[in-house]
Amino acid sequence: MPELPEVETIRRGLAARLEGRRLRRVVQRRPDLRQAMPARLRERLEGRRVERLDRRAKYLLMRLDDGAVLILHLGMSGRLLIGGQTTAPPDRHDHLIFETDDGTVVRFNDARRFGLVDLSSEAELAGHKLFQGLGPEPLGNDFNGPVLAASLAGKATPIKAALLDQKVVAGLGNIYVAESLFWAGLSPKRLARTVQGERAERLAQAVRRVLGEAIDAGGSTLRDYVQASGELGYFQHRFAVYDRARQACPGCDCALARTDGIRRIVQAGRSTFYCPRRQR
DNA sequence: CGGCAAACCTGCGAGC
DNA sequence: TGCTCGCAGGTTTGCC
């Protein structure tokens with residue numbers, strides 16, 4: 001569920017409440033997420049001060065004053081919510097709960113348990129298994145048309161699948177791949193290796209613009225996702241193609257044409273939405 | 001190595 | 001009302 005814009009929105013919401021605060025109380029409930037939570041998590045976190053909240057790809061990094069770094073991933077259904085109680089949580093899917101010295105409570109809630117919580121250190125972070133091979137941050141200075149073209153060169157897979165690959169570029173998921181390919185005018189079925197030169201340039205620009213606008217809108221809420229404050233995201237109202245099968249894409253009469261509007265197909269087991277008229 | 005389907009787990013909406 | 005089915009924003013695994 002949460003892709004880069006949702007994770008970034010949550011990061012900003014949490015940073016405002018957590019940075020500089022001390023973790024007074026940590027409650028671990030179910031440890032069996034995608035991977036088991038680290039042992040003695042409570043002992044290792046309680047009493048620590050939160051220096052900073054950062055993001056790498058779809059991971060949130062909570063940097064603590066003793067050099068420890070808590071790594072959080074939300075999987076498909078994970079949420080981080082401000083508010084609630086550390087004791088007798090109302091929700092059976094609250095797996096980890098923090099309470100700070102000013103009484104702020106943050107709950108990690110994940111019904112499907114595809115998320116994960118891990119603990120590392122500043123020293124070991126760069127070499128951490130989860131970050132090995134991750135591609136560039138799409139909103140950073142290391143991502144542009146030539147970089148993208150180089151990483152797509154020789155790939156026989158459809159461009160849709162290539163963009164979902166976190167080694168190519170970090171942080172995209174099913175929604176923002178669909179939206180980026182639409183704005184770049186590229187068919188999701190096009191072979192990745194053919195996205196070179198001007199096409200790669202257009203795609204890199206589209207990725208950056210779509211992600212930036214989605215962050216400005218607080219992410220996209222389809223079902224589970226909410227910001228840390230509980231507020232919904234708003235970018236779903238601006239989807240060009242995602243979840244809009246048979247409707248018209250922006251500024252196009254495709255819905256009236258033989259193509260019958262935005263098409264839904266399945267690629268690598270996942271829904272793909274695109275306009276066959278505007279995306280080649 | 002590359003590419004794809006299936007698996008992980010729970011919840012929800014649609015259809016009967 | 002209640003059942004079954006399909007589907008969901010991610011990532012890993014195992015198979016060809």
Side-chain angles (χ1 to χ4, degrees), chain A residues 1-11 29-37 55-60 71-80 91-95 108-118 128-135 138 151-181 188-194 207 210-211 214-215 217-228 232-245 264-273:
Chain A
M1 76 170 295
E3 306 179 34
L4 187 151
E6 289 75 34
V7 178
E8 177 60 23
T9 298
I10 289 168
R11 185 197 70 75
R29 303 184 76 232
R30 279 195 80 148
D32 55 330
L33 306 183
R34 190 171 99 215
Q35 59 174 245
M37 283 191 210
R55 179 190 56 74
R56 169 71 172 118
K58 299 173 192 169
Y59 295 93
L60 278 170
I71 303 167
L72 299 154
H73 192 285
L74 300 175
M76 290 276 263
S77 56
R79 309 170 172 204
L80 281 160
D91 195 294
R92 57 195 291 246
H93 301 301
D94 286 343
H95 305 310
F108 177 95
N109 180 288
D110 184 8
R112 295 175 74 178
R113 283 184 284 119
F114 287 176
L116 72 82
V117 176
D118 203 355
H128 196 287
K129 183 170 184 291
L130 292 171
F131 304 124
Q132 289 315 296
L134 270 187
S151 119
L152 297 176
K155 279 197 172 297
T157 199
I159 185 64
K160 154 77 187 276
L163 289 181
L164 283 177
D165 182 351
Q166 303 296 297
K167 295 190 287 295
V168 170
V169 54
L172 294 181
N174 213 30
I175 291 177
Y176 298 107
V177 165
E179 294 297 301
S180 299
L181 286 172
K189 295 189 280 191
R190 170 182 283 279
L191 291 192
R193 66 180 176 223
T194 70
V207 165
V210 165
L211 294 180
I215 291 170
S220 304
T221 297
L222 298 180
R223 279 164 287 275
D224 301 316
Y225 167 74
V226 289
Q227 305 184 28
L232 304 179
Y234 296 94
F235 193 71
Q236 68 277 11
H237 301 302
R238 291 204 258 151
F239 287 168
V241 290
Y242 186 82
D243 208 15
R244 301 192 59 229
R264 176 187 180 273
I265 60 173
V266 174
Q267 289 179 293
R270 315 198 58 190
S271 289
T272 294
F273 299 90

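A quick note: this is a predicted structure, and the numbers were derived from the prediction, not measured. Labels below follow one simple rule: chain letters A, B, ... track the order of the sequence lines, proteins then strands, and each chain is numbered from 1.
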Length of the [atom1]-[atom2] vector between [X] and [N], whole Å:
| X | N | atom1 | atom2 | answer |
| --- | --- | --- | --- | --- |
| D243(A) | dC7(C) | CG | P | 12 Å |
| R264(A) | dA8(C) | CZ | C1' | 11 Å |
| R79(A) | dA8(C) | CZ | P | 19 Å |
| I175(A) | dC7(C) | CD1 | P | 17 Å |
| D94(A) | dT10(B) | CG | P | 15 Å |
| E3(A) | dT11(C) | CD | P | 9 Å |
| L222(A) | dA8(C) | CG | P | 10 Å |
| R193(A) | dG3(B) | CZ | P | 9 Å |

Would you say [X] places a side-chain N or O within less than 4.0 Å of OP1 or OP2 belonging to [N]?
| X | N | value |
| --- | --- | --- |
| K58(A) | dG9(C) | no |
| K155(A) | dG2(B) | no |
| S220(A) | dG9(C) | no |
| R92(A) | dG11(B) | yes |
| T157(A) | dC4(B) | yes |
| Q166(A) | dG10(C) | no |
| H73(A) | dT11(C) | yes |

Side chain to side chain contact (heavy atoms under 4.5 Å, CB included) against L191(A), all qualifying residues, sequence neighbours excluded: R193(A), T194(A)
All side chain to side chain contact (heavy atoms under 4.5 Å, CB included) counterparts of A268(A), not counting sequence neighbours: none
dG11(B) and dT12(C), which share atom name P, separated by this distance in whole Å: 24 Å
Rounded C1' spacing from dG9(C) to dG3(B) in Å: 23 Å
For DNA chain C, stems built from three or more consecutive Watson-Crick or G-U wobble pairs below 3.5 Å: B:2-8 with C:10-16, B:10-16 with C:2-8
Which protein N or O atoms sit under 3.5 Å from an N or O of nucleotides 6-9 of chain B?
unit_1 : atom_1 : unit_2  : atom_2 : d
dC9(B) : O4'    : R112(A) : O      : 3.4
dC9(B) : O3'    : R113(A) : NH2    : 2.6
dC9(B) : O2     : R112(A) : NE     : 3.0
dC9(B) : N3     : R112(A) : NH2    : 3.4

Side-chain-base donor-acceptor pair under 3.5 Å for R223(A) and dG9(C): yes
Sugar-phosphate only, base, or nothing, as touched by Y176(A) at under 4.0 Å among non-hydrogen atoms: nothing
List the atom pairs, with distances to 0.1 Å, where a side-chain N or O of residues 158-171 of chain A and a protein N or O form a donor-acceptor pair under 3.5 Å, not counting sequence neighbours.
unit_1  : atom_1 : unit_2  : atom_2 : d
K160(A) : NZ     : N174(A) : OD1    : 2.9
K160(A) : NZ     : S271(A) : O      : 3.0
K160(A) : NZ     : T272(A) : OG1    : 2.7
D165(A) : OD1    : K167(A) : N      : 2.9
D165(A) : OD1    : K167(A) : NZ     : 3.4
Q166(A) : OE1    : G171(A) : N      : 2.8
Q166(A) : NE2    : L164(A) : O      : 3.1
Q166(A) : NE2    : L172(A) : O      : 2.9

Salt-bridge present (D110(A), R79(A); N to O < 4.0 Å): no
Least distance between heavy atoms, L152(A) atom then A192(A) atom: CB-O, 3.5 Å
Closest approach of Q236(A) to T221(A) (non-hydrogen atoms, all atoms of both residues): OE1-N, 3.0 Å
Side chains of H73(A) and D118(A), donor plus acceptor under 3.5 Å: no
Set of side-chain hydrogen bond (donor to acceptor under 3.5 Å, both in side chains) partners for R34(A), sequence neighbours left out: none
Qualifying residue for side chain to side chain donor-acceptor pair (under 3.5 Å) with S220(A), from Y176(A), Y225(A), Y234(A): Y176(A)
Test item: I71(A) and F131(A) side chains (from C-beta on) under 4.5 Å apart, heavy atoms: yes
